[in-house]
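These notes concern the structure reproduced below.
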Amino acid sequence: MLSGKTILLGVTGGIAAYKSVEIVSRLRKQGAEVYVVMTKAATEFVTPLTFRSMSANPVYTSLFEEPKTWNIEHISLAEQVDASLIAPATANILAKMVTGISDDFLSTVLLAVRTPIFVAPAMNHAMYHHPATQKNLEILRERDIRIIGPAQGFQACGSEGDGRMSEPQDIINVLEDYFSQSRQNRYMSGKKVLVTAGGTREPIDPVRYIGNFSTGKMGYAVAQAFAEAGAQVTLVSAPSEIAVPSGVEVVSISTAEEMYTEVLRRFPEQDIVIKAAAVADYRPVVRETQKMKKSNQSVRLELVPNPDILTTLGQKKQEQFLVGFAAETQNPLDNGWEKMKRKKADILIVNDVTLPGAGFGTDTNIVTFLFADGRRRDLPQMSKLEIARQLVEEIAHLKSKTKE
Ligand code: C5P
């Protein structure tokens, strides 16, 4: 799994630094190229020479030493790596990553990498449980940094508890899992995927509309995850402030009816459709051509139902795989199962939008995947992008099973 991969190993100042020598050795045995970056404190525990010998590559310790290559090293290194692993990761490097402090080679390069970052924390258990450390880990998780461990057991300081760095093999296993999943995601290469996102706007007059609190974050994350996995992604989006993920084609719409038209037009050629948009269920019967004048009278708006796009796709589907989302405020599971059957979805993702850390506008979500075969998978709170990646994997897995 790791053969041909370039891994940046960041070593910070903890006694577990000696175990990282073994990580380098195991990574290299599997055919990975390893570049080690050490903080100054790390060099007090293990010498750069040890890592240089084990990795057969230069070891980076300072931003200002004589360059080893002609280019700006922290940037060129950041661009080369397939993944970064910080092991051991001290409370200090976690705090620096959270705040973006970049006062040495390692913290600087970590701001420049665009590929996944894994951290294996190692510290005294009281430091690990300190609210500052716990908050930092929570923020890093939300940013999609993968935290490995820590493990439990005896600590160098003589106490016992959690805070020990995970064993080198356990750390390698996490990296292997990651690369094997991204291999599975190649299932998506060449697949056509249509994603809808954002909240539709139903005009009342030229300046007013009926809308909802959807920001498009979940749908944009879904589009990004499928694009990362090699799919050809079309994003039919209601107005949203979010940057379009690279490689994704956007079709901008505003109303539910426009979304209906654009989705239905493209449906026959799609392999997978993910309906993450919050589509308005009703629209005003009349769209005034002039701005409605203010008066002291109460106003009645007559609303008519919008077409249900997902239901229509469910009726028309041939081979297409359909995923719906259901934002609920009560009985999410019962409502979810009912919707999945009625709309003929293959996966329905439910979330209780009243929970903190879930729902509209947040970077994280708490969801349950409901599958057409009756299975259910509850996911803990995680970033919307990570949920989207889990969805890619579930679909890749289901599709590869039906192919066998
Ligand atoms: O019935 P409810 O709106 O909760 O269902 C949510 C799912 O149905 C979402 O996937 C949403 O995008 C889709 N939907 C739709 N057309 C509508 C309303 C909802 O496709 N008019």
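On a predicted model such as this, the values are computed, not experimentally measured, just so you know. All ligand and atom numbering here is 1-based and tracks the order in the structure.
By the 4.5 Å heavy-atom criterion applied to side chains, Leu85 and Leu175 are counted as neighbours. By the 4.5 Å heavy-atom criterion applied to side chains, Leu9 and Ser20 are counted as neighbours.
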Can you produce the list of protein nitrogen or oxygen atoms under 3.5 Å from a nitrogen or oxygen of ligand 1, alongside each distance?
| residue | atom | partner | partner atom | Å |
| --- | --- | --- | --- | --- |
| ligand 1 | 1 (O) | Lys343 | NZ | 2.9 |
| ligand 1 | 4 (O) | Lys339 | NZ | 2.4 |
| ligand 1 | 5 (O) | Lys343 | NZ | 2.9 |
| ligand 1 | 8 (O) | Lys343 | NZ | 3.0 |
| ligand 1 | 10 (O) | Lys275 | O | 2.7 |
| ligand 1 | 10 (O) | Phe325 | N | 2.9 |
| ligand 1 | 10 (O) | Phe325 | O | 3.2 |
| ligand 1 | 12 (O) | Lys275 | O | 3.3 |
| ligand 1 | 12 (O) | Ala277 | O | 2.8 |
| ligand 1 | 16 (N) | Ile309 | N | 3.0 |
| ligand 1 | 20 (O) | Lys275 | NZ | 3.3 |
| ligand 1 | 20 (O) | Ile309 | N | 3.4 |
| ligand 1 | 20 (O) | Leu310 | N | 2.8 |
| ligand 1 | 21 (N) | Pro307 | O | 2.9 |

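Sequence neighbours left out, the pairs with a member in residues 290-306 that pass side chain to side chain donor-acceptor pair (under 3.5 Å) are Arg283-Asn306. Screening residues 123-132 for side chain to side chain donor-acceptor pair (under 3.5 Å) gives His129-Asp162 as the qualifying pairs, with residues at least two apart or on separate chains. Listed by first and then second residue, the side chain to side chain donor-acceptor pair (under 3.5 Å) pairs involving residues 356-368 are Lys217-Asp363, Asn351-Asn365, Thr364-Gln381, Thr368-Asp378 (not counting sequence neighbours).
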task: In sequence, state the C-alpha distance, the side-chain angles, and the governing distance for Arg389 and Gln224, and then conclude on side chain to side chain donor-acceptor pair (under 3.5 Å).
output: CA-CA 9 Å; Arg389 289 181 180 140; Gln224 179 177 336; over 6 Å; no
